[in-house]
Structures are given as structure tokens and as C-alpha cells.
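One structure is given below, encoded as C-alpha cells.
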Amino acid sequence: MLKRSHMCGELRPEHVGQTVTLAGWVNTYRDQGKGLIFIDLRDREGLTQVVFNLREIDESAVTEARSLRREDVVAVGGLVRTRIGGANPKLRTGEIELLAQQLEVLNKADTPPILPDEHEAQKIAEEKRLQYRYIDLRRPKMQQILRTRYEVTRVARQFFANKGFIEIETPFLIKTTPEGARDFIVPSRLYPGKWYALPQSPQIFKQILMASGFDRYLQIVRCFRDEDPRADRQAEFSQIDLEMSFVDRDDVIKMMTSFTQHLWKEILGVDIGDIPVMPYHDAMNRYGIDRPDLRFDLEIEDVSALAAKTDFRVFQEALAKTNGVVKAMRVPGGATQLTRKMTDGYSEFVKTFRAGGAPTVKLTENGFETGVAKFVAPIADELTQRLNLEVGDIVFFTADTWSIAAKAMGELRNKIARDLDLIDESAWKFVWIVDTPMFEYDEDAQRWVAMHHPFTSPMPDQVDMLETDPGACISTGYDIVCNGSEIAGGSIRIHQPPMQQKVFRLLGISDEEAEQKFGFLLRALRYGAPPMGGIAFGLDRLVMLLVGTNNIRDVIAFPKTQSGQDLMTEAPGPADEAQLRELHVKVDVRNSKPEH
RNA sequence: GGGGCGGUAGCUCAAUUGGAUAGAGUCCCGGACUGUCGAUCCGGUGGUUGCGGGUUCGAGUCCCGUCCGCCUCGCCA
């Protein structure tokens, strides 16, 4: 076999005159006739033009070169020379070419169903790209994304190593735990009828490592949650998981701010500056969402008090509800930019978030017009003043319970920003969201559920509230949000058994159940656990932001589809009877089809 | 589990109101061409219209079911 001497992105005019050997994939072939063939040879570093010339080598080699097709794997030896036909500015190697002297076909490829071209990839159905992932991953863009992903983990390991963090692996085969997402479970061969679960995160183990005295822990780790995927969500995903001992909230925020700044500097060369801190309720009230996109200015106002003065039944009915509110959002210039069809569309849009609709008014030179203008007439001046309205503005309202109205308005805010192109795509807007409530009440289950997770500590001055007013109790939780995307979340943990017990009870987990499910954690706390706190960065989302994609499958080498299949390997697949017998598992596929 | 969009040649798409032998580009095959670079030009092969049923003289098109992909609500401590 011809031995490779250089990579295909490497050769420059200074190599002219050298005899080299390249190896790679045939990216394109251009046959100029019996005596002259061009091949663009590709490897992960780039493209190099190879020329086969009948005048320079024997005819059989040219004939063989002529049979090359896309994605054949070849090695070519020859002489580097300046291009005769002029340089190609599109290629980094565009000033030179390799005059072939030897050709070895290492693997003749079948005609590829898809091609790893950037201009093709835009058009090719993602289904095909996933099915032939090995071809799609040859694309320079995909290579660059996965390299960036590696760079992120490399920078993280280096940064935290310098800060005294130790990387420790935690098990994948663990015990199923209550709360949280649905677990993936794995049958136990040695214990009939018993099951392992795959971790939703290494949360409990990293806390125990703190109890074990490791002080600072890091792990870049896969997590598993058996929930429906989304554009930015996969059933298996990766975290940069961190935990620190003897720290409070500000210590963690400081450390992780520093890391985030360092990461953006290292990967993009961008100085993101300080990361502001915003209380959860501010985020919800002003932006309607706990991960506000601060790249644009639209803000939401609570106008309940004004709305109460109107006769509009929608407002009155909402305000009559427990926690009923009326929210308003001014869209500057929206009166002219948004058509009736669009505003009707927005009304339908908010219905998907269980709001009733999004009534509007436009402010014209003649005062409020269209929509609910006649209802807001009595509060016209106050509303104008409150929202700083100007002629040409449009105002959207939502009226419902606080949580529904806020969410509907928050989603509408993001949608209008996209539609009106208000988002500064070059901006990096980070914010810490803090002071999140410990619990929210689940109406369906009729009980409190943890907003973060059951191991989150309340703020020190809030401990008494656990008993008096759990719904108002503020946690130590903190999330980093970047451009409307949550990239990390964590908290100070409970490190004293009595408080952990108290929180379990509040969550409706009995002492017996707590002992059975979390006994090992409670004992670990009992035998001496330090105050501790940590965070986990969503690696996939970090990479998505850094490479500028909104598709999580782009940043995972072998991702799954929305129905949890791997189109390349066709997982999941059946297991044979013997395997199942060994695992003491019997399959009971209920046929949900109607009988007829 | 719900809603929306889609599935036609290897790939990307078209096909009028239900109407003739389902077309085009590209890929592939053959030919021409010694400076191309998303090469070009000429010719050709290539189809279970996702799958199963139904309506009809006739279905890519209409109806029912089903599978798959994407987006989304629920869900995701």
C-alpha cells in the first residue's frame, strides 16, 4: 500500500517540487478526454486536486483513473506542482495540484445514495442523511461540528483540571428512582424480576462523591431520559457534570461564569463579558419564560389592575380565577408590520399553550383601533402611558392564570421576534436565572413537585418556609441561559439528613419510600457530608449554540429520530427468545388496533 | 397520547378537475473532449407513486387503516 505522506488540506506552494502521497476519498472527478483527468481528493483536512496526464504517465494509469467515481478510496503518489490552469481560490490548496505518478485504489465504492456535499446536504432529506450517516459525516461541516464538540470537552477538562476538579466515572446501571423523567430500564439476569435503570443524571453519585471527600468532581457523561425527543432534545444526551464542596451559591456562579467566559473565548474568540443575574419571577413576568432570549427588547407587562376597569368579559373572567392576570405586550411599529392574518395566527398560536387567544389593539393617530379597542377605551390613557405606546404600535393581551398567560405571552414574544426579524443573530446574551421556587403545585397529582430536583436546598433564609409556605419557598437553584436556551442548571444541595427528609415528605415521599429508594443517600449524608453544590452543562446544547444549529442531531455523531430509532443500525430491534428467557422477560405486546 | 406538514426513479422534485405510456434535473452507464474545478456536450438505463384495503370505467390524485420522517403540545425532577 502506498503510504500517506501528507493530508489533503496541507499542500501549499512551498511544497512544489516535492514528491508526496495523499490518501482519501474521491470528492469529484472531471474527465477531460482520453488523456487528462482531474480528481479532487478529500480527507478530513480538505481537498487537493490530483491530475492524471497521459503525457506524464502511462495510459493504463490514466484508464484506471478514468474509472474512479465518487467516494472511491484511493492513494495517489506524485509530484506537487503549481497549477497550470490557474489557481482555484475556493480551495486552501487551490494554488497547487498533485501530478499523479502512482494510483492505488484502496476500496472501490458502490454508487453512493447521498453525497457529502454542502450544497447537496441542504436538500437531502434528513432521513437519508441519518440512514447513511457514515457518508453524511464526511461532510466538512459535520466534521467541523464534531471537532468543535471535542474542543468543548477538551477545554472543559483542562479548565476544571486547573481548578482542582477530578474526573470520576459513575455507574450506568443504577437503581430506578421516583420523580423526574421516565427511566430506561434494563432487566437483571442474575436477579429475576429485578431491573436496573439508566441514569437520568449522575446527581446522587456526585453528591456521594462529595461525601467521600473528593471535594471537586467533573464528569462528561451520558444521561438517559425516556421522553419524547424534540429538535433540541434526545433520549440520550451528554452533560458536563460538576460538583464542589464547601461552597455557596455565589461560589458556584462565579466559577461557572468564569468557565463560560473561557469556553466562548477559546472556541469562538468571543468575549462575552459579565453574566447578569435575574430572579426567576422577573424572567417570568417580563419575558414569560424561565429562559428569556435577551437578544431583543419586547417586554411583557402585567396590566391586571387596568384590565379590571374594563367591561371586557375575557379580562373579567380571567381575573376572577385564582392567580388570574391580564398581560400586555407592546410591539413597536407592529400596527403596520403585522397583518390581520398574522395577528389571527398569533391568537391561534397561543391556544396551543392553553391560552384562550391573544386579543390586540392598534394605536393609530385616531386612538385605539381594531380588535378590542372599544373595550380598552376606558383605560386608553393609562394603558398608553403604562406601555409607553406610540402611534403605529400594536398591543397583544393574554388573560388567564398567571402561569398560562405568562407562558403564552412568552412564546408569543419569541415568535413575533422571529417573524419581525428582531433578533440580533450575532449577539450572545447570557443571564443567570436564580431564586426559582423550590416547588410548584401539580394540580393533577394534587401535590407539590420539585422544580429542580428533590436534593435542591432552599436558600438559607427560607428554610422555615418549607413548613409555613412551601409554594413561596425560594431555592438555591441557578440556570445559565444563553440566547433563550438553557445551557446549564444546578443548585446547592441539601447536605443534612433532617432537611432532606423534610423535603421528601413535602414531595409526598414517605419515610419508608425514601429509605427504600434513597436510603444510601440519606446514610451518606448522615455519616458526614459537606455543604456542596454543583451544576451540569448540556453539552449538546452548548455545541448547538457554538456551531449555530438548532438541530440537536447535527451535533451528535449517531443520533436517534423523533421516534427513538437509529435509522443507520435500525435500533431498537428484537431480542431472541433465548436472550429473553435468560433475562426472565416475557413480551406482552398489547395490540392497540381496533378489532374488525 | 394530541395537532400540523411531508413520503413519486439511487438523490432532489413535477404531474391541471380523478383521465392517455408517471416527467425533469442530477446520479449511474456508453460516447466526445488535454486545463478542468458543482466541468461541458450527445445518447441511454432506471418506477410495487411508503404499505394494506376501498370507491370508480379509470387512482400518484378521493376515502379508511397503517408505517416512516420533520415540527409541535403534553411530557422532559
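Please read all numbers here as calculations on a predicted model, not as lab measurements. We name chains A, B, ... by the order of the sequence lines, and we start the count at 1 in each one.
Across the P atoms, B/A20 and B/A15 are found 14 Å apart, a figure rounded to whole Å. With C1' as the reference atom, B/G52 and B/C57 are 24 Å apart, rounded to whole Å. Nucleotides B/G25 and B/U36 are separated by 22 Å at their C1' atoms, to the nearest Å. For the C1' atoms, the distance from B/U17 to B/U72 is 34 Å, rounded to whole Å. Taking atom P in both B/G43 and B/G38, one finds a spacing of 24 Å when rounded to whole Å. Here the separation of B/G1 from B/C62, taken at their P atoms, is 26 Å to the nearest Å. B/U56 and B/G60 are spaced 16 Å apart, taking the C1' atom of each and rounding to whole Å. B/U16 and B/G53 are spaced 28 Å apart, taking the C1' atom of each and rounding to whole Å.
Looking at A/R233, its side chain comes within 3.5 Å of the base of B/C76 through a donor and an acceptor atom. Taking only distance into account, the side chain of A/E97 meets the base of B/G35 through a donor-acceptor pair shorter than 3.5 Å. A donor-acceptor contact under 3.5 angstrom links the side-chain atoms of A/R83 to the base of B/C37. Side-chain to base pairing of A/R354 with B/G3: no donor and acceptor N or O lie closer than 3.5 Å to each other.
In this model, the phosphate group of B/C70 is not approached by any side-chain N or O of A/K560 to a distance below 4.0 Å at OP1 or OP2. Side-chain N/O atoms of A/T352 include none lying less than 4.0 angstrom from OP1 or OP2 on B/G3. Neither OP1 nor OP2 of B/U36 sits under 4.0 Å from any side-chain N or O of A/Q49. OP1 or OP2 of B/C27 has not a single side-chain nitrogen or oxygen of A/Y29 nearer than 4.0 Å. Of the side-chain N and O atoms in A/R30, none sit less than 4.0 angstrom from OP1 or OP2 of B/U36. Distances shorter than 4.0 Å separate some side-chain N or O of A/S563 from OP1 or OP2 on B/G69. The phosphate of B/C71 (OP1 or OP2) has a side-chain N or O of A/R553 nearer than 4.0 angstrom. Proximity of A/Q32 to the phosphate of B/A39: no side-chain N or O atom is located under 4.0 Å from OP1 or OP2.
The environment of CZ in A/F224 is crowded: more than 12 heavy-atom neighbours from other residues, nucleotides or ligands sit within 6.0 Å.
Under the Watson-Crick and G-U wobble criteria, each requiring two contacts below 3.5 Å, nucleotide B/G6 is paired to B/C68. Across every strand in view, B/A20 sits unpaired, with no contact that passes the Watson-Crick or G-U test at under 3.5 angstrom.
A/E56 places its CD atom 14 Å from the P atom of B/G35, with the value rounded to the nearest Å. We find that CG of A/D226 is positioned 11 Å from C1' of B/C75, with the value rounded to whole Å. What separates CG of A/L36 from C1' of B/A32 is a distance of 15 Å, to the nearest Å. The distance from atom CD1 of A/I552 to atom P of B/C71 is 11 Å, rounded to the nearest whole Å. In this entry the distance linking CD of A/Q234 with P of B/C70 reads 9 Å, nearest Å. For the pair A/K415 NZ and B/C73 C1', the interatomic distance rounds to 14 Å; values are reported in whole Å. In this entry the distance linking CG of A/D31 with P of B/A32 reads 10 Å, nearest Å. Distance NE2 (A/H119) to P (B/C27): 11 Å, rounded to an integer number of Å.
Among B/C71, B/G74, B/C28, the nucleotide with an atom closest to any side-chain atom of A/R69 is B/C28. The side chain of A/R70 sits closest to B/C28 out of B/C28, B/C37, B/U34. With B/G69, B/C76, B/C75 as the candidates, the nucleotide lying closest to the side chain of A/R225 is B/C76. For A/A181, whose side chain is taken as the heavy atoms from C-beta onward, the closest listed nucleotide among B/C76, B/C68, B/C70 is B/C76.
Under the ring pair (Phe, Tyr, Trp, His ring centres under 6.0 Å) criterion, A/Y29 pairs with no residue, sequence neighbours left out.
Listed here is the closest heavy atom pair of A/T456 and A/M438: O-CE, 3.3 Å. Nearest heavy-atom pair, A/H6 versus A/H15, reported as atom, atom and distance to 0.1 Å: NE2-CD2, 4.0 Å. Considering every non-hydrogen atom in both A/W448 and A/G471, the closest pair reads CH2-CA, 3.3 Å.
With no hydrogens or angles considered, no side-chain donor-acceptor pair links A/Q562 and A/D228 at under 3.5 Å. A/S347 and A/D344 are not linked by any side-chain donor-acceptor pair at a separation below 3.5 angstrom, with hydrogens and angles left out of the test.
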(request) Could you please spell out the steps behind the side-chain contact (heavy atoms from CB on, under 4.5 Å) verdict for A/M465 and A/M459? (result) CA-CA 10 Å; A/M465 309 259 286; A/M459 289 295 279; over 6 Å; no
(request) Show the numbers, then the answer: is there a side-chain contact (heavy atoms from CB on, under 4.5 Å) between A/L11 and A/L22? (result) CA-CA 10 Å; A/L11 299 174; A/L22 300 178; 4.1 Å; yes
(request) Evaluate side chain to side chain donor-acceptor pair (under 3.5 Å) for A/D40 paired with A/T28, printing each intermediate quantity in order. (result) CA-CA 5 Å; A/D40 287 344; A/T28 45; 3.0 Å; yes
(message) For a side-chain contact (heavy atoms from CB on, under 4.5 Å) check, start with the C-alpha distance between A/S201 and A/Q239, then their side-chain angles and the critical distance, and finish with the verdict.
(response) CA-CA 8 Å; A/S201 82; A/Q239 290 186 341; 3.9 Å; yes
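Using a 4.0 Å heavy-atom criterion, one finds that A/R541 contacts no nucleic acid atom at all. Here A/F353 lies in heavy-atom contact (under 4.0 Å) with sugar-phosphate atoms only. Within 4.0 Å of A/R291, counting heavy atoms only, lies no atom of the nucleic acid at all. The residue A/T28 sits close only to the backbone: its heavy atoms come under 4.0 Å of sugar-phosphate atoms, none of a base. Residue A/G94 is out of contact with every strand shown, counting any heavy-atom pair closer than 4.0 Å. At a threshold of 4.0 angstrom between heavy atoms, the contacts of A/D117 with the nucleic acid are absent.
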Please write out each protein N/O paired with an N/O of nucleotides 9-11 of chain B under 3.5 Å, distance rounded to 0.1 Å.
| residue | atom | partner | partner atom | Å |
| --- | --- | --- | --- | --- |
| B/C11 | OP1 | A/K128 | NZ | 2.8 |
| B/C11 | O4' | A/P113 | O | 3.2 |

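Both A/L115 and A/T82 sit near RNA chain B, but only A/L115 has its closest nucleotide nearer the 5' end. Residue whose closest nucleotide on RNA chain B sits further toward the 5' end, between A/G35 and A/E227: A/G35.
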